[in-house]
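So the structure is just underneath, and the comments pick up after that.
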Amino acid sequence: MTFHFALDVASGESCCYFQGLVQEEVDRAFLEMCDLFDTWTLAELIEGVRSARSSGDLVAAVFRLGLGAPPVFTARFYNTLCITADHKHPMVRAATMRTIAYMEWPELHEMLDVFVRTDPDERVRREASLVIEAFERVGIRRP
């Protein structure tokens with residue numbers, strides 16, 4: 001089994017996960033980690049976005065959402081991500097584009113393409129373009 005840990009400098013959040021061939025061992029290690037540390041549940045990550053009061057809080061919440069997202073496309077997380085993608089503040093939309101890079105879901109290519117073509121803010125378009133380039137470099141293909 002392998003344990004991975006990363007500290008994201010953009011958000012200040014940390015992320016860890018386990019990989020292994022025996023699912024029961026991975027599950028047991030994960031549950032032990034949750035008992036030892038203050039971890040976010042999937043429901044808390046989603047609620048963090050929905051309850052954020054300021055743009056700054058929303059940026060932090062969307063970064064956490066991306067770092068804690070399941071490894072495969074999940075409609076509840078996607079729908080929550082759409083909240084920040086549609087936000088009026090360009091900082092929140094740019095953070096959403098960067099968050100997509102954390103999630104690594106091929107299904108998000110279409111959203112990125114739309115933002116590259118249509119977002120009125122240059123920074124948001126640039127972030128979306130950078131994520132598309134990163135996806136292509138690491139082999140995350142369009143579905």
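Since we're looking at a predicted model, the values are computed, not measured.
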**Message:** Determine whether a donor-acceptor pair (N or O, by modelled atom type, separation under 3.5 Å) exists between the side chain of R93 and the backbone of H87.
**Reply:** yes
**Prompt:** Taking a hydrophobic cluster as the set of Ile, Leu, Val, Met, Phe, Trp and Tyr residues connected by side-chain heavy atoms closer than 4.5 Å, whether directly or through intermediates, do L45 and L7 fall within one such cluster?
**Reply:** no
**K88 side, atom NZ; S55 side, atom OG - distance, nearest 0.5 Å** = 7.0 Å
**Item:** R117 CZ to R125 CZ distance, which is reported to the nearest 0.5 Å
**Value:** 13.0 Å
**Message:** How close do P143 and P106 get, counting heavy atoms only, and between which atoms?
**Reply:** CD-O, 3.2 Å
**Prompt:** Looking only at heavy atoms, what is the nearest atom pair of L42 and G68, with distance?
**Reply:** CD2-O, 3.5 Å
**Prompt:** So do the side chains of Y102 and L65 get within less than 4.5 Å of each other, counting heavy atoms only?
**Reply:** no
**Check: Q19 main-chain N/O paired with H4 side-chain donor or acceptor under 3.5 Å** = no
**Item:** Distance-minimising heavy-atom pair for A95 and V62
**Value:** CB-CG1, 4.0 Å
**Message:** Is there a side-chain contact between R64 and V49 in this structure, where contact means two heavy atoms from C-beta onward sitting under 4.5 Å apart?
**Reply:** no
**Prompt:** If every non-hydrogen atom of L112 is compared with every non-hydrogen atom of F135, which pair is closest and at what distance?
**Reply:** CD1-CE2, 4.1 Å
**Item:** Straight-line distance of F63 CZ to L58 CG, nearest 0.5 Å
**Value:** 10.5 Å
**Request:** State, with a plain yes or no, whether a side-chain heavy atom of L67 is found less than 4.5 Å away from one of W40.
**Result:** no
**Asked** Within a strict 4.5 Å, meaning less than it, do heavy atoms of the F18 and D27 side chains meet?
**Response** no
**Message:** Can you confirm whether R28 sits close enough to M1 that some side-chain heavy atom of one is under 4.5 Å from a side-chain heavy atom of the other?
**Reply:** no
**Message:** Please report the interatomic distance CD1(I46) to OG(S51), rounded to the nearest 0.5 Å.
**Reply:** 12.0 Å
**Prompt:** Can you hop from M33 to V22 via hydrophobic side chains spaced under 4.5 Å?
**Reply:** no
**Request:** Would you indicate whether E110, at its atom CD, is surrounded by more than 12 heavy atoms from other residues, nucleotides or ligands within a distance under 6.0 Å?
**Result:** no
**Request:** Say whether, by atom type as modelled, one donor and one acceptor occur between the side chain of T80 and the main chain of R76 under 3.5 angstrom.
**Result:** yes
**Message:** Once rounded to the nearest 0.5 Å, what's the spacing between atom CZ of F77 and atom OG1 of T99?
**Reply:** 11.5 Å
**Request:** Looking only at non-hydrogen atoms, find the nearest pair between M111 and A85 and report the distance.
**Result:** SD-CB, 4.2 Å
**Message:** With heavy-atom distances below 4.5 Å as the criterion, would you say the side chains of V92 and H89 are in contact?
**Reply:** yes
**Item:** Parallel, tilted or perpendicular, as decided by the 30° and 60° cut-offs, for the rings of F3 and F5
**Value:** parallel
**Prompt:** Where is the tightest heavy-atom contact between M103 and A69, given as atom of each residue plus distance?
**Reply:** CE-CB, 3.7 Å
**Item:** Within 6.0 angstrom of L31 CG, more than 12 heavy atoms from elsewhere
**Value:** yes
**Message:** Under the criterion side chain to side chain contact (heavy atoms under 4.5 Å, CB included), I'd like the reasoning laid out for T74 against W105: C-alpha separation, chi angles, the key distance, then a yes or no.
**Reply:** CA-CA 9 Å; T74 305; W105 294 348; 4.2 Å; yes
**Asked** Where the side chain of T41 meets the backbone of E44, is there a donor-acceptor pair that is under 3.5 Å apart?
**Response** yes
**Request:** Check whether M97 and F73 end up in the same hydrophobic cluster, where Ile, Leu, Val, Met, Phe, Trp and Tyr are linked by side-chain heavy atoms less than 4.5 Å apart.
**Result:** yes
**Request:** List the steps, then state whether salt bridge (Lys or Arg N to Asp or Glu O under 4.0 Å) holds for E122 with R126.
**Result:** CA-CA 6 Å; E122 191 274 330; R126 185 178 68 242; 2.9 Å; yes
**Asked** Can you check whether L108 reaches Y78 side chain to side chain, under 4.5 Å on heavy atoms?
**Response** yes
**Fill in**
CD of E32 to CZ of F37, rounded to nearest 0.5 Å, is 11.5 Å
**Student check: side-chain heavy atoms of E127 and T96 closer than 4.5 Å** = no
**Single-linkage hydrophobic cluster I100~V116, side-chain heavy atoms < 4.5 angstrom** = yes
